[in-house]
Amino acid sequence: MGAQKDKYSRTLNLPKTDFPMRANLSEREPQIIGRWEEMDIYRLICESSADRPTYILHDGPPYANEYIHAGTAMNKVLKDFVIKYQTMKGMRAPYLPGWDCHGLPIEHKVVSELGEKAKEMSTPQIRRLCREHAQKYVDIQKEQFRRLGVFGKWDEPYLTMNKDYEATVISAFKEVVKKGYVYRTLKPVYWCTSCETALAEAEVEYAHLESYSIFLRFEVVEGLDELRKETGLPIYFTVWTTTPWTLPANLAIAVNPNFKYIALRASFKGQEGVYILAMEMLEDPLPKMELSVQGEVATFKGSELEGVVARHPFYDRPSPLVLADHVSREQGTGCVHTAPGHGQEDYLTGVRYGLPILTPVDNRGCFTAEAEGFEGRYVFDADPDIVKLLDEKGRLLSSETVSHSYPHCWRCKNPIIFRATEQWFISVENLDLRKRALTAVGETEWIPRWGEARIEGMLQSRPDWCISRQRHWGVPIPVFICQDCGRAVLSEQTVGHFQELVAGHGVDVWYEREAEELLPEGFKCPECKGGAFSKGGDILDVWFESGSSHLAVLTEENHLRWPADLYLEGSDQHRGWFQLSLLVSLCVKDAAPFRKVVTHGFMLDGEGRAMSKSRGNVISPEEIEEKYGADILRLWVTSEDYREDISLSFDLLEQVAEAYRRIRNTIRFMLGNLSDFDPLKDALPFERMEELDRYILLLFKDLKRKVLSAYERMEFHQIYHAVHNFCAVHLSAFYLNTIKDRLYIYAPDDERRRSAQSAIALMLVDLLRMLAPILVFTTEEAYGHLPEALLRKESIHLEEMVQVDTFEDEELRVRWEKLMRVRQEANIVLEELRQTGEVGNSQDAHLRLYADGPMKEFLTKNLEHIKDITVVSDVLVEEGEGVSPVRQVEFDDGTVRVTAEKAGGEKCARCWMWSSRVGSDRNHPQVCERCSEVLSEIGK
RNA sequence: GGGCCUAUAGCUCAGCUGUGGUUAGAGCGCACGCCUGAUAAGCGUGAGGUCACUGGUUCAACUCCAGUUAGGCCCA
């Protein structure tokens, strides 16, 4: 029997291809990358697109201090989709990737690794190590990005630590200085009194510390006259603090405008008075204070207290009542001691009320002469004396010690303080910068749309931009301090001179030369005409550097164009790169650097939780490439809507891998059936194709339209769903399944067969082209297996994007949709028959259709089509009701009843259809009349 | 604590938006079966959802409004 089977199998046109079913991507992808490198694919793309209109996606530089994670990979892959799509669509879409190289994390890492040695090293030495560190991770990440199949100018990426880039940053800074945005003022920063240095937030560690916890009273000297008249008593605000040493710097008391405050008649040490505190805060502080309360005398809304003036507890100066939203119900009395020189929130409150930023504390943490009575004392040591002084003056209501979490220095582990120091700022009000930014935001296209509201809100409420940092690894702020008058000199002229030096030597020159060598010859202090200067020690906020990337990168020398068509980053960049690029751009060029900004969400695990090392739910790109392949990673990116947060887990990858296999197998089957197809000689035009082939091409045309529109809107998940659905439902389960008979049974050259092959060829080439930006490796591999005449380019990535076909046939569409509904019912009926065990394949069955009048006529006319798409041995049409089991389909013009039964006759050994005429050919007694004819045609 | 966002079958997505109104759709997965001429493939059928929760508007809400819960980003 096996021999018999083989005998006829050999006469069939079964699929044949070298394109493997198993992808084995982890091995094949690196080989494909090798081939791309050999042919220098990116250069080929650039050359072939040189004359086309330009599309600029400006790459946001990732930070060069880690291996990439899945989120970084997703970002790059999304950009690659856009670049590859735009390229195929006919644009010149160059991709110049970049890296952010300066900044604290690298400096932090380098200094930590050095340990104690760091203290003996010079700034240039540390900077050199930082540079090496950054370069190392640039190289590592570069390889990781290439492994993902991302094309770009990897040989010459832009690095924020390159000389040219640094020169551009200084040049942008010069513009900003020239236009008057930059000013200098005091601002509190974390300060380590033992290291005598400012600390960044990331350098602060929290640890327990024993502190005082005291309540004190501030006597009202102005305002609340009615209350005073009514009671004839002194009025006090009650205040809580754990840092008595900041009291010499007290300049105000802050209350929450929305809280209710209550005034209580109470006596303290025998003296009567009125004490004010927040209504909500009675329970905690009251028992602690040694007050005997007699009753409520008044209540106020917080906002009513603005303008009241109290007296400083031990200095002869006012401490006005101010309003601040940050005043909380957590602890204290709802009346907050405010020292603008010693706290971030106090500072902002102070700025709002025009209070001085008083900081009577020097670098070593000792009081200056401004803290009268405490000059020279170390702040933490002075605490007991201040408490004592308060007690003596009768201001102290209670005192105890508490252990609480307090910031400490990451290096020396000592408690740190908040201390106002001179910092540089860019004013967002200068030249209406804030307003212009808001206008520019309105003129930019934000995807998703809510991005606009988000960045708008941030711009509306943002304070001036503090651009100075007390670090080493970055671009120095070229400030010169006059040795004679102490003035900080920063002008267009000095910055301009420095910029020229940077263009030749990089910013390292700042650390290698003396101040005089960095200034124009004979430069004199504009204030006092002195000629001796020292260098300022601050660097620029790295956001100013990355915010200048559009200026450094989108240049003619790079064959790019300013502004960019697109920025595409995570939604955290509304505050970061988008906003600060916009501000730099408006300062320098008075326009936004982007036309459209797209954001993606964040990487979550399968349970929708953030990925973190501590949770242990991190999946690395390498792991995915190793287990599944970069194409699976890329396909996973398309499987979810990136505008929201997207999940990554092995379950999800498994699901995507499954979809991939379906797509790959569909491609493989199509390739296999084109093994003997020469499109130049065998292809049929649409009009001459079989109806079924025309029908599937019309459905495929719909798919193309959908896919192209999804690419345009950057809704890649629509592509994934549409293509996968088409491959699984329309191609695999329906079209390819039903045309197997035609492909296998007829003579190779039979027009009916060539018609199917023509349709397959059209769809296959287009399927590969529309998937090329996503499945970069698989489509390339499959492209190489196409019949030669279909191979138009050296690589599929040099191909053009598909276009929506011009052919159409509305009548055929409508008619075939009806036939498909009959097919749906036939499947159910056939399944029922199969359950009885009478038949296996649909080929073992006959379909019997019942209909009357025009419906019957319709069915009779389309009998062959119905037979084809249901893959039964025969279809019979009759009038009447039919017998059970029967299914019914209602149409506008009639009803069709469908039933099935076991086929009569005998099963043909070649085509497996049942026929009453099996055996009529003496040479082939097991074969039906159709196969007998084919066999004689092919000479068997 | 504030701003912005998300929440539809086990999973990934449609539908909902400035136009509320038939039994809320698809694919995957799953279950059961078929095939063995796409074979570490292929085909068929089927079971899965009180559209996060609560309240409101309305004759009518997955769809509009308010709040709650959970999660995310950015701040504090």
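Just so it is clear: chains get the letters A, B, ... in the order the sequence lines come, proteins before strands, and each one is counted from 1. Given the structure is predicted, the values throughout are model-derived calculations rather than measurements.
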Inset, instruction - Could you tell me whether H600(A) and Y642(A) have their ring centroids closer than 6.0 angstrom? - result: no
Atom pairs under 3.5 Å: protein N/O with N/O of nucleotides 65-67 of chain B:
none

Legend entry - Summary of salt bridge (Lys or Arg N to Asp or Glu O under 4.0 Å) pairs that have at least one residue in residues 713-727 of chain A, sequence neighbours excluded: R643(A)-E715(A), R713(A)-E715(A)
Inset, instruction - Using the salt bridge (Lys or Arg N to Asp or Glu O under 4.0 Å) rule, collect all pairs that involve residues 723-739 of chain A, keeping only residues at least two apart or in two chains. - result: none
Does [X] have a side-chain nitrogen or oxygen under 4.0 Å from the phosphate oxygens OP1 or OP2 of [N]?
| X | N | value |
| --- | --- | --- |
| H600(A) | C73(B) | no |
| R662(A) | C43(B) | yes |
| K740(A) | A38(B) | yes |
| R609(A) | U6(B) | no |
| Q843(A) | C34(B) | no |
| Y720(A) | C28(B) | no |

Which donor-acceptor pairs under 3.5 Å do side chains of residues 824-831 of chain A form with protein atoms, sequence neighbours excluded?
unit_1, atom_1, unit_2, atom_2, d
E825(A), OE1, R887(A), NE, 2.8
E825(A), OE1, R887(A), NH2, 3.3
E831(A), OE1, R834(A), NE, 3.2
E831(A), OE1, R834(A), NH2, 3.0
E831(A), OE2, Q835(A), NE2, 2.5

Inset, instruction - Assess the side chains of S546(A) and D100(A): does a donor N or O sit below 3.5 Å from an acceptor N or O? - result: no
Could you check whether [X] gets within reach of a base, just the sugar-phosphate, or nothing at all, counting any heavy atom under 4.0 Å?
| X | result |
| --- | --- |
| H721(A) | base |
| D325(A) | nothing |
| L12(A) | base |
| N665(A) | base |
| L830(A) | nothing |
| R668(A) | sugar-phosphate |

Inset, instruction - Please determine if R661(A) and E654(A) form a salt bridge, counting it only when a charged side-chain N lies under 4.0 Å from a carboxylate O. - result: yes
Legend entry - Salt bridge flag under 4.0 Å for residues R753(A) and D741(A): no
According to side chain to side chain contact (heavy atoms under 4.5 Å, CB included), who are the partners of [X], at least two apart in sequence or on a separate chain?
| X | result |
| --- | --- |
| A659(A) | Y720(A), H724(A) |
| L652(A) | E640(A), S647(A), S649(A) |
| K902(A) | E838(A), V839(A), W914(A) |

Legend entry - Geometric class of the Y567(A)/W577(A) ring pair [parallel <30°, tilted 30-60°, perpendicular >60°]: parallel
Inset, instruction - Hey, can you tell me if H404(A) and Y406(A) have their rings parallel, tilted or perpendicular (30° and 60° cut-offs)? - result: tilted
Inset, instruction - Using whole Å, report how far CD of E832(A) lies from P of C32(B). - result: 20 Å
Inset, instruction - Using a cut-off of strictly less than 4.0 Å between a heavy atom of the residue and any atom of RNA chain B, enumerate the qualifying residues of residues 345-353 of chain A by number. - result: E345(A)
Legend entry - For RNA chain B, the residues among residues 724-739 of chain A that have a non-hydrogen atom under 4.0 Å from it: H724(A), N725(A), V729(A), S732(A), A733(A), N737(A)
Legend entry - Pair assignment for RNA chain B - dot-bracket with | for other-strand partners, Watson-Crick or G-U under 3.5 Å: (((((((..((((.......[...)))).(((((.......))))).....(((((..]....)))))))))))).
Inset, instruction - Assign G55(B) to syn or anti; the rule is syn for a glycosidic angle within 90° of 0 and anti otherwise. - result: anti
Legend entry - Face-to-face stacking of W912(A) with G37(B), centres under 5.5 angstrom, angle under 30°: yes
Inset, instruction - Sequence neighbours left out, what passes side-chain hydrogen bond (donor to acceptor under 3.5 Å, both in side chains) with E906(A)? Give chain and number order. - result: none
Listing time: all N or O pairs from protein to nucleotides 1-3 of chain B that are below 3.5 Å?
unit_1, atom_1, unit_2, atom_2, d
G3(B), N2, R454(A), NH2, 2.9

